[in-house]
Amino acid sequence: MEHGMQRILEGNRQWVESQRAKDPQYFERLAQGQKPRYLFIGCSDSRVPGSAITGTGPGEMFTHRNIANMVVHTDMNMLSVLQYAVEVLGVEDVMVVGHYGCGGVAAAASNKQHGLIDNWLINIRDVIRIHETELLRIADEDARLRRLVELNVIEQVRNLAKTNIIQNARRSNKPIKLHGLVYDLREGLLKDLQVETENFDALSHIYAVEEPAPTPGTQLLMDQLEKLQNKHAHHEHNPAAATAPAEASEEEKGEKNAKALRRV
């Protein structure tokens, strides 16, 4: 076996032994499911391991990473993670975490071609365009790049606030919180940028969207599916009920209506 992968597998075995020594039921509990409080949107940089720098363990933080911790509204990968974390897992805090010394940010600030990634870096160059006046006033290049890292995080948090996923969650009885953080590689500390998204109310006429009212057909289908889910949940707690003729008849009716609606 390749020596590099042997190191990975051996490290895994040692980690498992260490965890079981501290808590024999550790993996059994993890296998029961996850209920993370946080969603971490960070950079793919190998020096910024989300769980390690936040002191969180398995099951505590859902994670998405890409080049330069971007929130791009055409990125179906990121949007899928966001929707699942917010609407299914019920996370309470979403954080965008950048880091000083980010290669993606530095590449976007240069005038060189880098290949395919240039298409991705356009999103960071848009941040430069928005904040060009402030950035031009910073003479020191390192300080300018550090500020660009911060501004990029701020804009990505604002991009989160523009999504209908976050807007819908904020209308709920448990509004979600958004955060912008920057990790300092030299110190190992996280800096809270105190990003304010509430001032987006002034732009609500542009970015705010309302949930559409369900059509009669869609509402009927949703009602039928909800009834089926409730019956299935009841059967799990009362297995004998699953064989009752009346229950089977209702299920067949729900499936028939669902099929009819799909043909409409």
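Here, residue 1 is the first one in the sequence, and each next residue gets the next number.
- Both Val96 and Leu79 are part of a single hydrophobic cluster, where members link through side-chain heavy atoms under 4.5 Å apart.
- Using a 3.5 Å distance cut-off with no hydrogens or angles, the side chains of Asp93 and His179 do pair a donor with an acceptor.
- Both Tyr100 and Val195 belong to a single network of hydrophobic side chains, linked directly or stepwise wherever heavy atoms of I, L, V, M, F, W or Y lie under 4.5 Å apart.
- Between the Ser80 side chain and the Met76 main chain, a donor and an acceptor come within less than 3.5 Å of each other.
- Among all heavy-atom pairs drawn from Leu121 and Gly104, the shortest one is CD2-O, 3.4 Å.
- Taken from CG in Asn159 to CG in Asp75, the straight-line distance is 11.5 Å, to the nearest 0.5 Å.
- Between Leu145 and Ala106, the shortest heavy-atom distance links the atoms CD2-CA, 4.2 Å.
- The two atoms that bring Thr56 and Thr54 nearest to each other are OG1-OG1, 2.9 Å, heavy atoms only.
- Using a 4.5 Å heavy-atom cutoff, the side chains of Thr163 and His73 are in contact.
- A distance of 10.0 Å separates CG in Leu136 from CD1 in Ile128, rounded to the nearest 0.5 Å.
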Leu193 vs Lys191, side-chain contact (heavy atoms from CB on, under 4.5 Å): CA-CA, chis, key distance, verdict: CA-CA 6 Å; Leu193 298 178; Lys191 176 182 179 181; 4.1 Å; yes
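- Side-chain contact, Asp23 with Gln19: no donor N or O sits under 3.5 Å from an acceptor N or O.
- Counting all heavy atoms, side chain and backbone alike, His114 lies closest to Asp118 at N-OD2, 2.8 Å.
- No option in Lys35, Lys174, Lys177 other than Lys174 meets the salt bridge (Lys or Arg N to Asp or Glu O under 4.0 Å) test with Glu92.
- When the side chains of ILVMFWY residues are joined at heavy-atom separations under 4.5 Å, either directly or via intervening members, Ile154 and Ile130 end up in two distinct hydrophobic clusters.
- Ala85 and Leu39 get closest at one heavy-atom pair: CB-CD2, 3.9 Å.
- Hydrophobic clustering (ILVMFWY, side-chain heavy atoms < 4.5 Å, transitive): Leu89 and Phe40 are in distinct clusters.
- Using a 4.0 Å cut-off between charged side-chain N and carboxylate O, Arg144 and Glu141 make no salt bridge.
- Expressed to the nearest 0.5 Å, how far CG of Asn168 lies from CZ of Arg170 amounts to 12.0 Å.
- In the hydrophobic clustering of ILVMFWY residues, with side-chain heavy atoms under 4.5 Å counting as a link, Met95 and Leu189 come out apart.
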side-chain contact (heavy atoms from CB on, under 4.5 Å) between Tyr38 and Val91, intermediate numbers included: CA-CA 5 Å; Tyr38 307 99; Val91 299; over 6 Å; no
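- One finds the CZ atom of Arg171 at 9.0 Å from the CG atom of Asn164 (value rounded to the nearest 0.5 Å).
- Annotation: the span from Ile166 atom CD1 to Ile176 atom CD1 amounts to 4.5 Å, rounded to 0.5 Å.
- Remark: Arg13 CZ is packed, more than 12 non-hydrogen atoms of other residues, nucleotides or ligands lying under 6.0 Å away.
- A salt bridge between Arg147 and Glu150 is present, with a side-chain N of the basic residue lying under 4.0 Å from a carboxylate O of the acidic one.
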Steps toward side-chain contact (heavy atoms from CB on, under 4.5 Å) verdict (Leu181, Val153): CA-CA 7 Å; Leu181 309 175; Val153 168; over 6 Å; no
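- Separating the CG atom in Leu185 from the SG atom in Cys102 is a distance of 9.5 Å, to the nearest 0.5 Å.
- The two atoms that bring Ser110 and Arg125 nearest to each other are O-NH2, 3.6 Å, heavy atoms only.
- In the model, Glu155 has no side-chain atom that pairs as donor or acceptor with a side-chain atom of Asn152 under 3.5 Å.
- With contacts defined as side-chain heavy-atom distances shorter than 4.5 Å, the pair Leu82/Val71 does not qualify.
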Residue pair Glu17, Arg20: steps toward the salt bridge (charged side-chain N to carboxylate O under 4.0 Å, His left out) verdict: CA-CA 5 Å; Glu17 291 174 3; Arg20 288 196 183 280; over 6 Å; no
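- Each of Asp184, Ile138, Val105, Leu151 was scored for a side-chain contact (heavy atoms from CB on, under 4.5 Å) with Arg146, with one residue passing: Asp184.
- Between Arg7 and Glu10, none of the side-chain N atoms (NZ, or NE/NH1/NH2) sits under 4.0 Å from a carboxylate O, so this pair counts as no salt bridge.
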Can you list, pair by pair, the side-chain donor-acceptor contacts under 3.5 Å of residues 62-69, counting residues two or more places apart and other chains?
from: His64; atom 1: NE2; to: Asn66; atom 2: ND2; distance (Å): 3.3
from: Arg65; atom 1: NE; to: Cys43; atom 2: O; distance (Å): 2.8
from: Arg65; atom 1: NH2; to: Cys43; atom 2: O; distance (Å): 3.1
from: Arg65; atom 1: NH2; to: Asp45; atom 2: O; distance (Å): 2.6
from: Arg65; atom 1: NH2; to: Val48; atom 2: O; distance (Å): 3.0
from: Asn66; atom 1: OD1; to: Asn69; atom 2: N; distance (Å): 3.2
from: Asn66; atom 1: OD1; to: Met70; atom 2: N; distance (Å): 2.8
from: Asn66; atom 1: ND2; to: Met70; atom 2: O; distance (Å): 3.0

Stepwise side-chain contact (heavy atoms from CB on, under 4.5 Å) test for Met61 and Arg37: CA-CA 6 Å; Met61 188 166 70; Arg37 170 172 177 165; over 6 Å; no
